Student: 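Supplied in structure tokens, the structure appears directly below.
Keep in mind that this is a model prediction, so the values were computed, not measured.
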Amino acid sequence: MKNRSWAFLAGGLLVALLLAGVVSNYASSHPDGLDSSLLKGCTVDADDNIVGGSCPAQQARDHELADSPLADYGVRGVRNSFVSTGLSGVLGVLVTFAIGAGGFWLLRRRGGTPTDADAATPAGGDPATSGDVRRRADAAS
């Protein structure tokens with residue numbers, strides 16, 4: 001890979017890490033559209049606990065992975081919520097980057113993308129010998 005490509009890739013990774021590690025802490029704490037539509041018909045307090053009414057959110061259960069180390073946009077065991085959220089975002093970016101890089105590496109190893117040498121090689125094989133074979137075939141006929 002060219003140096004410019006590595007610089008572009010490193011710059012993109014750095015921006016993603018910065019956004020995930022710092023800016024994610026300033027995201028809105030208000031529920032998104034799905035959460036707010038599930039709360040229609042219920043009365044909620046300041047901590048978003050349902051205190052009255054009837055709504056679909058009352059039947060909500062915890063996800064099977066609710067006790068996982070990165071559940072609920074944080075890292076379990078880290079008491080500072082700013083650090084916990086930032087660390088969770090950074091780990092998510094790194095894992096996603098590693099999976100993507102591994103996938104591209106596997107595709108490249110399997111020959112999924114043509115190289116410059118492939119583009120210069122005629123369909124008949126090696127560029128140095130394919131012309132010789134044609135000349136010999138023409139001479140023989």
Student: I'd like to know if the side chain of Asp72 reaches the main chain of Gly74, judged simply by a donor and an acceptor atom lying under 3.5 Å from each other, with no hydrogens or angles considered.
Tutor: no

Student: Would you say that more than 12 heavy atoms from the other residues, nucleotides or ligands in this model lie under 6.0 Å from the CD of Gln59, or not?
Tutor: yes

Student: Please confirm whether the backbone N or O of Asp67 pairs with a side-chain atom of Arg76, one donor and one acceptor, at under 3.5 Å?
Tutor: yes

Student: Does one hydrophobic cluster hold both Phe97 and Leu17, with members joined at side-chain heavy-atom distances below 4.5 Å?
Tutor: yes

Student: Please name the pair of heavy atoms, one in Cys42 and one in Ser54, separated by the smallest distance, quoted to 0.1 Å.
Tutor: SG-C, 3.5 Å

Student: Under a 4.5 Å side-chain heavy-atom rule over Ile, Leu, Val, Met, Phe, Trp and Tyr, are Leu9 and Trp105 clustered together?
Tutor: no

Student: Of all the heavy-atom pairs spanning Gly86 and Asn25, show the shortest one and how long it is.
Tutor: N-ND2, 3.8 Å

Student: Give a yes or no on whether the backbone of Asn80 and the side-chain of Ser84 come within a donor-acceptor separation of less than 3.5 Å.
Tutor: no

Student: Using a 4.5 Å cut-off on heavy atoms from C-beta on, say whether the side chain of Leu91 contacts that of Leu70.
Tutor: yes

Student: Is the side chain of Gln58 donor-acceptor paired with the backbone N or O of Gly52 at a distance under 3.5 Å, no angle test?
Tutor: no

Student: Is there a side-chain contact (heavy atoms from CB on, under 4.5 Å) between Val44 and Val51 once you walk through the steps?
Tutor: CA-CA 5 Å; Val44 294; Val51 293; 5.8 Å; no

Student: Rounded at 0.5 Å granularity, tell me how far NZ in Lys40 sits from CG in Leu38.
Tutor: 10.5 Å

Student: Side chains of Ile50 and Thr43, heavy atoms from C-beta outward: is any pair under 4.5 Å?
Tutor: no

Student: If you group Ile, Leu, Val, Met, Phe, Trp and Tyr by side-chain heavy-atom gaps below 4.5 Å, do Val93 and Trp6 land in one group?
Tutor: yes

Student: Would you name the heavy atoms of Cys55 and Gly41 that are closest together and state the gap between them?
Tutor: CB-C, 4.3 Å

Student: If only atom types and distance count, is the side chain of Asp45 paired as donor or acceptor with the main-chain N or O of Asn49 below 3.5 Å?
Tutor: yes

Student: Does CZ in Phe82 sit with more than 12 non-hydrogen atoms of other residues, nucleotides or ligands closer than 6.0 Å?
Tutor: yes

Student: Is there a path of hydrophobic side-chain contacts, each under 4.5 Å between heavy atoms of I, L, V, M, F, W or Y residues, that connects Val75 with Val83?
Tutor: yes

